Amino acid sequence: MEFKINTKYKIIVSIIFGLLGFVVNFYSINFPFPPYTATVLIGLLFPMLIALTWGWRYGLLSALAGGCQSIWWIWGPSNGYAIFTIVPPFTLWILWHGFFAEMRRKSDDRKWWQNMYVVEIPFRILTTINLLTLARWAVSLNPPPWVWASEATNIITMEFSIFCVIKQFVVGYVILLLADVLLNIEFTRRFFGLEKRPGHTDTGYIISFSLLLGVIFWVIDSVIGSVIFYPESSFIDLLALNVPPVVIYVRTFFILACLAGGLIFSKLLHKHFEIGNKFKYLYSMVRLMCDNLPDLIWTKDLKNRFIFVNKSCCEILLNAKDTDEPIGKDDLYFAKREKASHPENPDYHTFGETYTDSDLMIIETKKPMRGDESGNLKGENITLDVYKAPFLDDNNNMMGTVGFARDITKEKEIDQARKQAEEELEQYRDNLEELIKERTADSEESRQALVSLVEDLGTMTDELTHANNRLQELDMMKSMFIATTSHELRTPLNSIIGFTSVLLEGWSGDLNPEQKEQLGIVLTSGKYLLALINDVIDISKIEAGKLEVYIEQFNLGDVVKEASSLIKTDLDEKGLTLTADVPDITIDTDRRRLLQCIINLLSNAMKFTEKGSITIEAKTINDIIDISIIDTGIGIKEEDIPKLFTAFVRLESHLTDITSGTGLGLYLTDKLAQEVLGGTIDVTSKHGEGSTFTLHIPITQGIES
């Protein structure tokens, strides 16, 4: 559950916590400590929590609401002077820790002396000064006239002052420890609106434990002193009431030594966590960069087992479910697994069995190598441009191998086709020159030459027909080349989007509003360009006959809900309503491409609808499902309807200049509907009143695309 933390919320919670602290103080915990009683006012925990989270202002408000200002009623009946000796220190205690809490919150690099366990020590020194000077002066000058204090002495003894300081020091640490534990609980942090701290280890516990060692030494030294060194003094005297100066010096020195040790250890631990966090950050950046590259990247140990694999290597080469699965496994594991999954094809996925020796050569020679590697991968031959190098540590010791690879199968096919076409054209040229020489050698036989030339032209016609077929093949390869080029464009664009997202999320530091706005424009433009490139890739794959179809069984309503959720924000900004009337029906087709078609049609309806609503309806007729997207937009002129599904065509209207688009959306949707989903798409519209686009697709699509 998320809470909205604002000033009103803080004020209400501060007052409630103050009143709660006042009530709890009436049930304080008493520890018999002759000749006095040490009382732990647990109610002080509530205003202290406010002070540590929201600062001294709200902590003081909580104290005034009922906590610290009413403590004298609990303590008052004992001597009458508690209003001087107890209430001011406890009130100042809340302000003191709230001040340092605000300082810690504003500081990027928290200093050791800002720790709440450390700042407790100087406060107790100030408390001692208060008891020995101001409070004693106030009591001596004007003893209280109340009934319970009528017989009270007007002198506060030194033993009493020292005991109160020690007692309140212990009580203060009890409250601070409780508050610290509560503030490390995730529910408490959400309640107070504090930032999340995953994997956080609070070094304050180390400092507290160090001071606890000093306190234990103080107690043990009091026991030993009363038994051996000062038998004439009791344990209570040596603990707090009448401690010899030299003993105080030794104990104080030991406590300070423990505190210094705790501070040093916590500093080292803090550095350790900083290094660990930097390592995690660097690893995440390396992982982000490698996973956004189309090239295959991997690292292996000396036994050819993977220790790092990027996303492309998992998807293209290994067919692993994620980047963690290959760790600790070798190429043969995945080659055998994939081959076993297709027993009908003995050559399926033999790539991983072919080039294992090259890794051993790298380990033996400690020299890099580069070359083409070809083999059967997932039932198709593939060629990779592979670079492998030794993986060395700082001492130049071999740790394993590192490899990079790029799929150059299509480049090889295009290059081979180009060379073959050049050879054929060269042969045509040579043949034509030879024919011209033969037919023009004898001018007296021109008629016969003309007849022969006509015959040769017939032959050339056949040859040109063959060349035209080759050109069609080259046109298909052109589409494949466009898809490959678009894929290469998508790679740096993904990096731009990824790093822009990293900057906007504050991984590299805070940004001012202008920087955030400019980076937001970069991110939006990058996503728009990426969508355009993806459309170009899909169209090129369809035209080249290389678009893969993945038929699966799913619920149509789930797809419609997913598509609706993706454009909900844009609909809300335009004030449009979206309703869906889709039956609970299960279909078998390519879920991803159907979702893509519905999203394209919904986006098109939203762009050209200024007010009103968009409706999604679906109904079945025999074995066909009709999915209709109905809008109340500007509509389409009858003469413009034939132009709708043409590439790079946008119809003219008053919304054309203010809406984004390239004219590929409906063209791609039509291609997907016919050539991937095995259906059709049609449109009916009335200019000025709205349009209806309807997808007609089979409920059950065959395995063959």
Side-chain angles (χ1 to χ4, degrees), residues 108 196-201 270-331 333-334 352 358-359 362-363 366-370 373 384-408 487-511 515 519 522-523 526-527 530 533:
D108 294 332
K196 294 183 178 180
R197 300 189 298 186
H200 173 77
T201 300
H270 181 67
K271 289 292 183 182
H272 171 75
F273 283 121
E274 283 185 344
I275 294 173
N277 290 334
K278 289 181 180 178
F279 173 79
K280 292 179 181 178
Y281 174 74
L282 291 176
Y283 177 80
S284 64
M285 293 299 294
V286 171
R287 169 60 69 185
L288 179 64
M289 289 186 291
C290 291
D291 285 345
N292 278 279
L293 291 175
D295 297 340
L296 285 64
I297 303 174
W298 67 87
T299 305
K300 299 179 181 178
D301 60 15
L302 296 175
K303 294 183 179 180
N304 279 345
R305 296 174 302 194
F306 291 104
I307 57 179
F308 179 87
V309 181
N310 76 333
K311 187 177 180 181
S312 296
C313 187
C314 290
E315 294 176 349
I316 298 174
L317 184 63
L318 303 179
N319 202 21
K321 62 181 181 180
D322 54 37
T323 55
D324 292 330
E325 185 185 6
I327 306 304
K329 302 179 179 67
D330 57 11
D331 294 283
Y333 170 84
F334 293 97
S358 60
D359 294 320
I362 300 296
I363 296 175
K366 292 187 178 180
K367 294 181 179 180
M369 62 179 293
R370 181 175 183 175
E373 296 183 359
L384 298 179
D385 178 17
V386 180
Y387 176 83
K388 296 180 179 180
F391 187 37
L392 307 175
D393 62 12
D394 295 337
N395 298 322
N396 208 33
N397 295 322
M398 176 70 75
M399 298 173 58
T401 59
V402 60
F404 308 87
R406 174 171 293 183
D407 185 358
I408 58 172
H487 189 69
E488 294 297 323
L489 290 173
R490 185 169 58 180
T491 299
L493 192 57
N494 276 327
S495 298
I496 292 172
I497 294 172
F499 284 112
T500 304
S501 300
V502 168
L503 292 174
L504 286 173
E505 291 174 3
W507 286 20
S508 300
D510 295 334
L511 302 174
Q515 291 171 332
L519 286 175
V522 172
L523 183 60
K527 289 181 177 179
L530 181 60
I533 292 174

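Predicted model, so just to flag it, every value in this text is computed and none were measured.
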Which value, rounded to the nearest 0.5 Å, describes the distance between [X] atom [atom1] and [Y] atom [atom2]?
X	Y	atom1	atom2	value
K366	N397	NZ	CG	7.0 Å
L296	F404	CG	CZ	11.5 Å
D291	C313	CG	SG	11.0 Å
D331	K300	CG	NZ	3.5 Å

For E325, salt bridge (charged side-chain N to carboxylate O under 4.0 Å, His left out) partners two or more places apart
R337

Where do [X] and [Y] come nearest, in terms of heavy atoms and distance?
X	Y	value
P326	F306	O-CB, 3.4 Å
F334	L318	CD2-O, 3.5 Å
A405	V386	CB-CG2, 4.0 Å
I362	K388	CD1-O, 3.9 Å
P390	M398	CB-CE, 3.5 Å

What residue pairs, at least two apart or across chains, pass side chain to side chain donor-acceptor pair (under 3.5 Å) with a residue in residues 307-324?
N319-E338

Among I363, I307, D301, which residue satisfies the side chain to side chain contact (heavy atoms under 4.5 Å, CB included) criterion with F391?
I307

Answer yes when R406 and D385 have at least one side-chain N-carboxylate O distance shorter than 4.0 Å, and no when they do not.
no

Residues D407, L384; criterion side-chain contact (heavy atoms from CB on, under 4.5 Å); working and verdict:
CA-CA 5 Å; D407 185 358; L384 298 179; 4.0 Å; yes

